[in-house]
Each structure stands twice: as structure tokens, then as C-alpha cells.
Protein chains: 2
Amino acid sequence: MSISISENERRAWDRRTPYYLRVRDHLAGLIEAGTLAVDSRLPAERDLSEAFQITRVTAHQALIQLEMEGLIYRLNRRGWFVSPPRLRYNPSVNVSFTRNVTASGRMPGTAVLGRREVASTPWLREKLGAGHDDTIYLVERVRLIDDRPVLVEHIHLNAKYCPGLLTLPLEVSLTDILEQHFGIQLRRASVQLHPTALTAAQAEALGVSAGLPGLKISRAASDQNGNIIEFDQEYWRHDALEVHVDVAVDALPRHVGSGDD
Amino acid sequence: MSISISENERRAWDRRTPYYLRVRDHLAGLIEAGTLAVDSRLPAERDLSEAFQITRVTAHQALIQLEMEGLIYRLNRRGWFVSPPRLRYNPSVNVSFTRNVTASGRMPGTAVLGRREVASTPWLREKLGAGHDDTIYLVERVRLIDDRPVLVEHIHLNAKYCPGLLTLPLEVSLTDILEQHFGIQLRRASVQLHPTALTAAQAEALGVSAGLPGLKISRAASDQNGNIIEFDQEYWRHDALEVHVDVAVDALPRHVGSGDD
DNA sequence: GAGTGGTCTAGACCACTTC
DNA sequence: AAGTGGTCTAGACCACTCC
């Protein structure tokens, strides 16, 4: 793999620009120009360090930077690759991951990691609005786009509303299962999200190394009767999605002149 | 600063646990236990490397890890500090940053970086639903919580609906200004967000180093007449907020048995 | 077996902050 | 002047993947 640095780039680099940012800029340029296609491999760290006359540590730092920006991803000890575009995700429309991915012209996948009954905790009972004696199901799955794992999810369900669910095939639509077997239609959801770092367990499920940036999305969904059916915790690759949501701004009483925005 | 590693910790560490994760675990424990209070400084990198018998590079890597998890933040060449809790932010309720921060028992702040008319671009006209001849205002501000910058925002407004806005004091509530001076009530918003890395300019405005993780939030807000008034782009510190939103799930026609969720 | 990234050492100089 | 993080060098060994 040959790497060439253009004169334009050399001129753009301030003498005080850290080397790792120069490498970053060079690679970002190749990616934006399409010279490096989606999912194609970047030059090896040792090649980059030779081309830029820097050490591998510095080349590695440049790649970390690009990873944080969501431009590239890595496959453990196989190399660095150009990230595909983000999936648009609207929690009030895209109840179905699979349908959303398909509509984007890409290939969805699901792997079930586990299914079992779990002991309820005060925290879990509060999230599900469940009683002390309610049975709680837990379904753990990984979702993929074009064979690349993008999120791991832990779905807690109140067994009261879907008895026997764990015996059904869970590689398919949970929403469909709830509707067809139990007459449940999800109507409202309370969604929370924040940036985080992936733990070792989550990273392993996604086939990446621990500590990478991620986005945690929690969602409590209730049905047409106002019962909370499921509480879902999703850990997304930070570079895999773009959240869209339309909201009505509540017309709250305002203290005129309270001096803020 | 003395650093001591407990026997429990030593036992918990697998022989193959990387050193930088051991340091991470140790510090995370101190933070969660409250031994290290919010906004207090961590031991210097050189002290950590001595205490753990590792090099500074490895100690630095542990701190980077904690930063990505949102547990700590850094002040340029001054040290590493324990992060305060995240601000809860609900785009359909918290139209006011200041009011939201105040309600959380913390102190909000605003600094105006710039205010000017800007040339419209096709992209901007589309976002604002504006015509070729519409004048566009740009307001750039930094918002602070307890004197710590947490976001930088670029607000584009269609001057047609708020002529002369730039001559008003902009350190206060834009929402209030729109309502009191122009009779505008924001009623709907279209919100997009995704994890990103902060650019050099954004990082400088937030007083942090470039390339740190961040969350980009874009919002187009329209008034009681359905006119798009403003298009806002916010770049948040990734550790500063937690987004909450309640959504109604659209009852879309479903293809029964289409095999997804 | 060759190639790749994962991790680490033992230093170094620099820019900036604090005193 | 002393202390801090920011960046970098020139190596090294390891675990894993690919062929």
C-alpha cells in the first residue's frame, strides 16, 4: 500500500499541528473523496508510520481519533475499515429495526444471545411498573446491518402480558410476536439516551474492543391499555446511527421576563 | 497524593487484564464511592504511573478511557477532574436551557460568541424553509453549567419573522425574545442527534482539547403558524447530558408476518 | 509463518498553568 | 521555578487472523 502526501496538505499543516492530526486529516480526506470506499481496509499502522516518518504509537493515535469521529471502525487484529453511513432511527416511527434497515437498502440481521426468566429488582419493577410477584422475561439479542453488529439489546418484558413468550422463535419481530400472540399494540414509548463507553461484555457482543464510544438508548414501551410491556436497553456503536425525532413543544406557563431561553 | 490498591482489587484483576484497565477500575471505584468528589482533581499522571509501576503513557491511556466513559474531564494542562452528573434534557419540555439548569439546582450561564447576518445556502434554505431573498441571522453562543462550558450552539433564524433581533441583548432567553418582541410561540421541533467528535473550533469554544467525544443535536423549530423560525445546531460535551423524550408510536399499517420487529 | 493490531517500556521535549 | 498534561521516539512482546 503506497501512501502519498499532497503539497496542498503540507501547506495546510501548521508547524505546530500534531503529527497524529496530520495523519488524521490525510486519511479523512481519502475517505471523504471516496478514494477509500466503505468497508475497505486502511493501510496498516506500520505502513502509515513509515510513510509519515512517525512511530506506530502516533499512527495508532490518529486512527483512534478517526474512530472517535465515527469515520472508521476496527476488526480485532484484522485492521481498520471505513465506516458505512449511519442508520436513521426515529423511535416514534421505526418500531421495527429490520424494516428500517431494509428500507435503507441494507441487510438486517439478528442473533439471540440469551432468553430467560430473571429475578425482579426494585429498579426493574419501577421501570416496568411491575408488582413484587410479576415474572420478568429477559431477551438478549445482537442486531446487525450488512453482517456488522451495530447494537446489543437487553429486553425486559412483564410476563403477565406475554406468558410463554420465551418458547417462541425470537430471531424475528418482537413487536409482531406481541401483536399476533398476545394482542398487544405498542402505542407509547419513553426514551432516554446518552453517550457512553462500551463495557467489556457489550464490546465482546459487538465484536469490538472494550471501551469504544457508544450510545445507550433505554426505552419503556406501553400498549393500548397503558400497560408497560417492555423495558429495552440498547447499546449502539456510536458510529452506526443518527436519531431523528419530532416533538410537540408543551405550552407550559411561562414567567415572563424570567430571563432565560 | 497517596494511592493505595486494595487486596480486593488485586484479586479481581485477571493476569491478562491490561494495566490501563486496572488503573481505570481503581479510579472508577474511588469516583463511585465518592472518595473523589465531583470537580475534584485526580492524582497527577506521574503519580499514578509511580503508584502502579507503569509508564505515563499507560496511565494516560487509563484517563482517556475514563474520559470516554464520561466519568472524568480535563482542563488543559491543569489536570483531570471528576465529572458532575449529566443534565436531563427533554426537547419537548425543556425549551429553556436556563430554566432546566436552574430547576436542577445548578447555575446556568451564557456567553455570546457572535451575531451576524449570513449568506443563505441551499442547505440552509432547505432547513429553514426559506426563500432565496430571505435574510438569515446567525447567533453563536456557549452555554455553561456551574461555570463549565457544556455546549456551543449555532442558531440560524429567518429574519423575516424577527427583524432587528441581532440588536437585542442575546445573553438571555431567545425563546422569550421571540415571544415578547415578535409574538412567536415555538410549538413544534424536529430534532436530530448523533455522537461525534468535537472539531478544533468547537473544542476551543468549550475550553477542551480537539477530538473529544461529543453529541451533536440539530433542531428545527416552528411556531403556531407552522413557519420554521430557527435552525439550531448544538455541540454538547458527551458527558454533560442525558436526553429524555416521550413519543407516541405511529400506528402504521403492518405487514403481518413480514418477519421482523 | 507472516501480518495485524493490543499493549507496554523508559525515556524526552514542549506549552501551558500555578505559585 | 515547579508542576501539569500534550506529544513523540524507538524499540519490544503478545494474541490473534489470514493464508
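A quick note: this is a predicted structure, and the numbers were derived from the prediction, not measured.
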What's A:I54 touching, base or sugar-phosphate or nothing? Going by heavy atoms closer than 4.0 Å. sugar-phosphate
Without decimals, in angstroms, what is the distance between B:E50 CD and C:dA10 C1'? 14 Å
Please output the side-chain donor-acceptor pairs of residues 30-40 of chain A that fall under 3.5 Å, not counting sequence neighbours, one pair per line with the distance.
| unit_1 | atom_1 | unit_2 | atom_2 | d |
| --- | --- | --- | --- | --- |
| A:D39 | OD1 | A:Y73 | OH | 2.6 |
| A:S40 | OG | A:A37 | N | 3.2 |
| A:S40 | OG | A:A37 | O | 2.6 |

Between B:E230 and B:R219, is there a side-chain N and carboxylate O pair less than 4.0 Å apart? no
Would you list the pairs meeting ring pair (Phe, Tyr, Trp, His ring centres under 6.0 Å) in which at least one residue belongs to residues 29-51 of chain B, sequence neighbours left out? none
Can you check the A:D47 CG to C:dA2 P distance for me, whole Å? 17 Å
B:F52 and B:H26: aromatic ring centres closer than 6.0 Å? yes
What is the distance, to the nearest angstrom, from the CZ atom on B:F52 to the P atom on C:dT7? 17 Å
From CG of B:L42 over to C1' of D:dG3, roughly how many Å is that when rounded to an integer? 16 Å
Whole angstrom is fine here: how far is it from CD1 in A:I64 over to P in D:dT7? 14 Å
So, is A:T58 close to the D:dT7 phosphate, meaning a side-chain N or O under 4.0 Å from OP1 or OP2? no
Given atom OH of A:Y19 and atom C1' of D:dC8, what is their separation to the nearest angstrom? 9 Å
For nucleotides 11-19 of chain C, 5' to 3', base contacts (B), sugar-phosphate-only contacts (S) and non-contacts (-) with protein non-hydrogen atoms under 4.0 Å give -B--BSSS-
Whole Å only: how far is the CZ atom of B:R24 from the P atom of C:dT7? 14 Å
Can you name the side-chain hydrogen bond (donor to acceptor under 3.5 Å, both in side chains) partners of A:S83, sequence neighbours left out? A:D239
Can you see if the side chain of A:H60 gets near the phosphate of C:dG5 - specifically, an N or O under 4.0 Å from OP1 or OP2? no
According to salt bridge (charged side-chain N to carboxylate O under 4.0 Å, His left out), who are the partners of A:E140, at least two apart in sequence or on a separate chain? A:R116
Residues in salt bridge (charged side-chain N to carboxylate O under 4.0 Å, His left out) with B:R106, at least two apart? B:D146
Of the nucleotides D:dT9, C:dT4, D:dG6, which one has an atom closest to the side chain of A:R41? C:dT4
Once salt bridge (charged side-chain N to carboxylate O under 4.0 Å, His left out) is applied, do any residues pair with A:D25, and if so which ones, sequence neighbours excluded? none
Nearest-Å distance, CG (B:L66) to P (D:dG5)? 14 Å
Work out how much the helix from C:dG1-D:dC18 to C:dT18-D:dA1 bends between its end axes, five pairs an end, to the nearest 10 degrees. 10°
If the cut-off is 4.0 Å, is B:Y20 near the phosphate of C:dC8, judged by side-chain N/O to OP1 or OP2? no
Taking only residues two or more places apart in sequence, or in another chain, which ones meet A:R56 in a salt bridge (charged side-chain N to carboxylate O under 4.0 Å, His left out)? A:E45
